[in-house]
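Since this is a predicted model, take the numbers as computed values, not measurements. Side chains included, hydrogens not; waters and symmetry mates left out as well; all remaining heavy atoms used.
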Amino acid sequence: MSTIHVKIVSRPGLELPAYETPSAAGMDVRACLDAPLTLAPGARALIPTGLRVQLPRGYELQVRPRSGLALRSGITVLNTPGTVDADFRGEIGIVLINLSDTPFVINHGDRIAQFVVKEYVRVDWESVDRLDHTERGDGAFGHTGVK
């Protein structure tokens with residue numbers, strides 16, 4: 001496990017994203033709200049975090065759901081995983097959706113998602129007329145589970 005340094009700007013008084021255990025891959029991130037927000041069943045909203053980051057080139061910040069929030073309350077990140085690119089400098093917002101049948105209240109400081117910082121590679125496409133053969137071939141969804 002390696003460590004990188006990432007610059008972060010936060011609204012005053014807001015807790016920074018943090019790992020809850022020594023082996024956690026994701027950092028809990030909190031809502032930054034002026035007033036409680038009620039997310040109706042089936043509704044979605046962009047929740048501000050009050051955070052702006054400067055990632056090193058070659059890294060992305062992934063926004064992922066918190067599994068307990070999804071299981072207990074039906075609240076999840078709509079565009080999972082969301083990607084924050086290294087050249088984005090605006091405030092990070094998180095699109096949450098309420099998949100339950102009851103309203104859900106989000107308060108300032110509530111843990112609403114996780115951040116995972118990942119290194120990535122860039123693709124240089126090579127246009128060809130055909131691809132190498134494999135045993136699977138062009139078998140689609142569920143193909144490997146059918147016997």
Side-chain angles (χ1 to χ4, degrees), residues 1-128 131 134 136-145:
M1 176 175 52
S2 60
T3 302
I4 63 167
H5 295 280
V6 176
K7 294 179 181 179
I8 188 166
V9 174
S10 173
R11 289 195 189 164
L14 187 66
E15 288 186 51
L16 294 181
Y19 298 103
E20 296 296 321
T21 65
S23 294
M27 298 170 269
D28 286 345
V29 62
R30 298 173 183 274
C32 184
L33 299 169
D34 295 326
L37 183 146
T38 300
L39 201 54
R44 62 187 178 273
L46 181 63
I47 310 300
T49 64
L51 303 171
R52 296 183 302 125
V53 299
Q54 181 176 324
L55 295 164
R57 188 173 184 171
Y59 287 85
E60 66 165 325
L61 187 147
Q62 295 180 356
V63 180
R64 300 181 184 182
R66 294 189 67 237
S67 55
L69 193 58
L71 177 64
R72 286 190 301 276
S73 303
I75 305 299
T76 192
V77 177
L78 189 57
N79 60 323
T80 280
T83 294
V84 177
D85 294 310
D87 57 355
F88 178 70
R89 295 294 185 269
E91 180 179 355
I92 299 169
I94 298 174
V95 182
L96 292 183
I97 187 166
N98 183 352
L99 298 176
S100 77
D101 56 2
T102 58
F104 183 81
V105 177
I106 303 166
N107 295 293
H108 177 76
D110 284 353
R111 295 180 297 165
I112 57 169
Q114 296 183 78
F115 285 166
V116 175
V117 176
K118 298 290 290 178
E119 193 170 12
Y120 65 87
V121 297
R122 300 277 311 248
V123 171
D124 184 13
W125 295 109
E126 178 185 353
S127 187
V128 296
L131 303 175
T134 66
R136 182 176 182 179
D138 61 359
F141 298 102
H143 176 76
T144 60

Considering all heavy atoms of both residues, which atom of V6 and which atom of P56 are nearest to each other, and what is their separation?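 Heavy atoms only, the tightest pair is CG2-CD, 4.1 Å.
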
Least distance between heavy atoms, R11 atom then E91 atom: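 The answer is NH2-OE1, 3.0 Å.
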
Would you check if the side chain of N98 reaches a backbone N or O of S100 as a donor-acceptor pair within less than 3.5 Å?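 Checked: pair present.
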
Would you check if the side chain of E60 reaches a backbone N or O of K118 as a donor-acceptor pair within less than 3.5 Å?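 Not confirmed, E60 side chain does not pair with K118 backbone.
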
Compare all side-chain heavy atoms of [X] with those of [Y] and state whether any distance is below 4.5 angstrom.
X: V77; Y: L96; value: yes
X: P103; Y: P41; value: yes
X: L51; Y: V9; value: no
X: P81; Y: V63; value: no
X: H108; Y: C32; value: yes
X: V53; Y: K7; value: no
X: I97; Y: I75; value: no
X: L33; Y: N107; value: no

Step by step, would you call I4 with V117 a side chain to side chain contact (heavy atoms under 4.5 Å, CB included)? CA-CA 9 Å; I4 63 167; V117 176; 3.9 Å; yes

Rounded distance [0.5 Å steps], [atom1] in [X] versus [atom2] in [Y]:
X: T49; Y: I92; atom1: OG1; atom2: CD1; result: 5.0 Å
X: F88; Y: R52; atom1: CZ; atom2: CZ; result: 9.5 Å
X: F104; Y: L37; atom1: CZ; atom2: CG; result: 10.5 Å

V95: side-chain contact (heavy atoms from CB on, under 4.5 Å) partners, not counting sequence neighbours: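 For V95 the side-chain contact (heavy atoms from CB on, under 4.5 Å) partners, ignoring immediate neighbours, are L46, L78, N79.
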
Distance-only donor-acceptor pairs under 3.5 Å for side chains of residues 15-30, two or more places apart:
unit_1	atom_1	unit_2	atom_2	d
T21	OG1	A24	N	3.4
D28	OD1	R66	NE	3.3
D28	OD2	R111	NH1	2.9
R30	NH1	G109	O	2.8

